[in-house]
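In what follows, a structure is listed as structure tokens, so that the remarks can point back to it.
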Amino acid sequence: MAPRLSVSQVTTLRSSFVDDVREYAAAGLDGIGVWELKLGDGPDHEALEAFHASGLEAAAAVPAVPSVLPLPLLGGPDDPEERIDSFCRSLERLAPFAPPSVVCLTGAAAGRDPDEARAVAARGLATIAAEADRLELRIGLEPYQRIGGEDWTIASSIPEAVELIHEAGDPPALGIQFDVWHLWNTPTLYDDIEREIGRFAGVHVCDYRDPTRGWADRALPGDGVADVPRILRALDAAGWDGLYDIEIFSDDGTFGAEYPDSYWAASPAETLESAQAAFERCWSNPPSAALRRQTVKEWR
């Protein structure tokens, strides 16, 4: 079966929600990953009308405050209870778009006792999952890349995310958001995919630039060191039948690093065309055995 492809709105950071909908539909995409920051202060009538008229499906949605514990650079209150309240309000706002998942990161301990931070994260995930269940939504807990992730997360792999889900009571609305950039160098990645595919609520596709210039420097699929073709094959073989959602962070100065080749600085149409072509090359090409051997050697 041919893959269904979407692009997350952060990939075209500078354009408006309505412009994104128009551009994504014109590009022939199947879906769009909704970011609450693109909705502004609301109301959302115009955005919803444009979205429903476009024929696009919603892919994984991202709330304005996307974690239980604080994150660097992305703002929001420091108090976890306030963050949880904000996340639950975002679920109400995002529900009319009917996303298959709403992305949630743990955030980092940020000076808290690690055990206390973990307990706070687990309780917060349980609260958020209960609200998602009420709204007939699903949460995708997103493990964050272990290289440089200490300020962002307490879960950096699929098994670590599963353990935290168990600590939250294993609510049915709490799944996992798979992201190539975050997980590509996990030693047990392919076993994890096969074992936990039933928990996956969404899939983000991108690549890891080497050397990387920062957290907002993600490459198009096939342009980095991750074996994206093999990862896509593994997801497909395990039974993933949802959208493959291309998500590219590519700083144009917004977060302090102005990359000369920033996709955020390019026109949306150009970025979407490049993203689709990159995905198709990865989907059509076999995994690279040489790259696979190099990756295993480097990241053991």
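Both backbone and side-chain heavy atoms feed into the values below; hydrogens, waters and symmetry mates do not.
The shortest side-chain heavy-atom distance between Arg218 and Asp179 falls under the 4.5 Å cut-off. Within the 4.5 Å cutoff, the side chain of Val162 has no heavy atoms near those of the Arg195 side chain. Side-chain contact between Asp192 and Pro159 is present, with heavy atoms from C-beta onward closer than 4.5 Å. A heavy-atom distance below 4.5 Å is found between the side chains of Arg112 and Pro70. At least one side-chain heavy atom of Arg89 sits under 4.5 Å from a side-chain heavy atom of Ser86. Put simply, the side chain of Ser274 reaches to within 4.5 Å of the side chain of Leu220, judged on heavy atoms. Looking at Val205 and Leu232, their side chains come closer than 4.5 Å, going by heavy atoms from C-beta outward. Annotation: side chain of Arg199 is in contact with side chain of Asp170 (closest heavy-atom distance under 4.5 Å).
Cluster annotation: Val10 and Val18 are assigned to distinct hydrophobic clusters (Ile/Leu/Val/Met/Phe/Trp/Tyr, side-chain heavy-atom contacts under 4.5 Å, transitive). Ile231 and Leu243 are not part of a single hydrophobic cluster, where members link through side-chain heavy atoms under 4.5 Å apart. When hydrophobic clusters are built by joining Ile, Leu, Val, Met, Phe, Trp and Tyr residues whose side-chain heavy atoms come closer than 4.5 Å, directly or via intermediates, Phe51 is grouped together with Trp35. The cluster map of Ile, Leu, Val, Met, Phe, Trp and Tyr, joined by side-chain heavy atoms under 4.5 Å apart, puts Ile32 and Ile246 in the same cluster. Hydrophobic clustering (side-chain heavy atoms under 4.5 Å, transitive across Ile, Leu, Val, Met, Phe, Trp, Tyr) keeps Tyr259 apart from Phe255.
To the nearest 0.5 Å, atom CG of residue Asp191 and atom OG1 of residue Thr186 are 11.5 Å apart. With rounding to the nearest 0.5 Å, the separation of CD in Glu160 from CG in Leu141 is 10.5 Å. With values rounded to the nearest 0.5 angstrom, Asp245 atom CG is found 10.5 Å from Phe279 atom CZ. Atoms CD1 and OG1, from Ile248 and Thr12 in turn, are 11.0 Å apart once rounded to the nearest 0.5 Å. Taking CG of Leu71 as the reference point, atom CZ of Arg83 lies at 5.5 Å (rounded to 0.5 Å). For the atom pair Phe87 CZ and Cys104 SG, the distance stands at 4.0 Å (nearest 0.5 Å).
For Glu258, the CD atom is loosely surrounded, since the number of other residues' heavy atoms within 6.0 Å does not exceed 12. Remark: Glu194 CD is loosely packed, at most 12 non-hydrogen atoms of other residues, nucleotides or ligands lying under 6.0 Å away. Residue Asp79 qualifies as enclosed at atom CG: its count of foreign heavy atoms under 6.0 Å is above 12.
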Just do the side chain to side chain contact (heavy atoms under 4.5 Å, CB included) check on Trp184 and Asp227 with the steps written out, would you?
CA-CA 8 Å; Trp184 74 277; Asp227 197 342; over 6 Å; no
Stepwise salt bridge (charged side-chain N to carboxylate O under 4.0 Å, His left out) check, Arg22 with Asp19:
CA-CA 5 Å; Arg22 183 178 64 249; Asp19 286 344; 2.9 Å; yes
Side chain to side chain contact (heavy atoms under 4.5 Å, CB included) between Gln9 and Val34, intermediate numbers included:
CA-CA 6 Å; Gln9 283 189 292; Val34 175; 4.1 Å; yes
Report the C-alpha separation of Thr106 and Val68 in whole Å, then their side-chain angles, then the decisive distance to 0.1 Å, and conclude whether the side chain to side chain contact (heavy atoms under 4.5 Å, CB included) test is met.
CA-CA 5 Å; Thr106 64; Val68 177; 6.0 Å; no
Begin with the C-alpha distance, continue with both residues' side-chain angles, and end with the deciding distance and a verdict on ring pair (Phe, Tyr, Trp, His ring centres under 6.0 Å) for Phe249 and Trp181.
CA-CA 10 Å; Phe249 289 75; Trp181 192 85; 8.1 Å; no
Applying ring pair (Phe, Tyr, Trp, His ring centres under 6.0 Å) to Trp283 and Tyr244, what does each step give before you reach the verdict?
CA-CA 11 Å; Trp283 186 263; Tyr244 291 87; 5.5 Å; yes
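For the pair Asp207 (side chain) and Ala226 (backbone), a donor-acceptor distance under 3.5 Å is present. Using a distance-only test at 3.5 Å, with no hydrogens or angles considered, a donor-acceptor pair links the side chain of Asp251 to the main chain of Thr254. Between the side chain of Asp217 and the backbone N or O of Thr212 there is no donor-acceptor pair closer than 3.5 Å. Looking only at distances, no side-chain donor or acceptor of Ser101 sits under 3.5 Å from a matching main-chain atom of Val103. Judged by distance alone, the side chain of Gln276 and the main-chain N or O of Ala27 form a donor-acceptor pair under 3.5 Å. A donor-acceptor pair is defined here as one N or O able to donate and one able to accept, closer than 3.5 Å; such a pair exists between the side chain of Thr271 and the backbone of Tyr263.
Annotation for Gly124 and Ile84: closest pair CA-CD1, 3.4 Å, computed over non-hydrogen atoms. Here the closest heavy-atom approach between residue Ser250 and residue Ser262 is recorded as O-OG, 2.6 Å. Scanning both residues, Pro171 and Ile165, for their nearest heavy atoms gives CD-O, 4.1 Å. In this structure, Val228 and Cys206 approach most closely via the heavy-atom pair CG2-O, 3.6 Å. Listed here is the closest heavy atom pair of Arg93 and Asp41: NH2-C, 3.8 Å. Across every non-hydrogen atom of Pro143 and Ile176, the tightest pair is CD-CG2, 4.2 Å.
Looking at Arg134 and Glu92, a side-chain N of the basic residue comes within less than 4.0 Å of a carboxylate O on the acidic one, giving a salt bridge. The pair Asp115-Arg118 does not count as a salt bridge, with every side-chain nitrogen at least 4.0 angstrom from each carboxylate oxygen.
Ring geometry for Trp152 versus Trp215: interplanar angle of 30 to 60°, hence tilted.
There is a side-chain donor-acceptor pair under 3.5 Å between Gln145 and Asn185.
Here the two rings, on Trp240 and Phe178, have centers that are 6.0 Å apart or farther.
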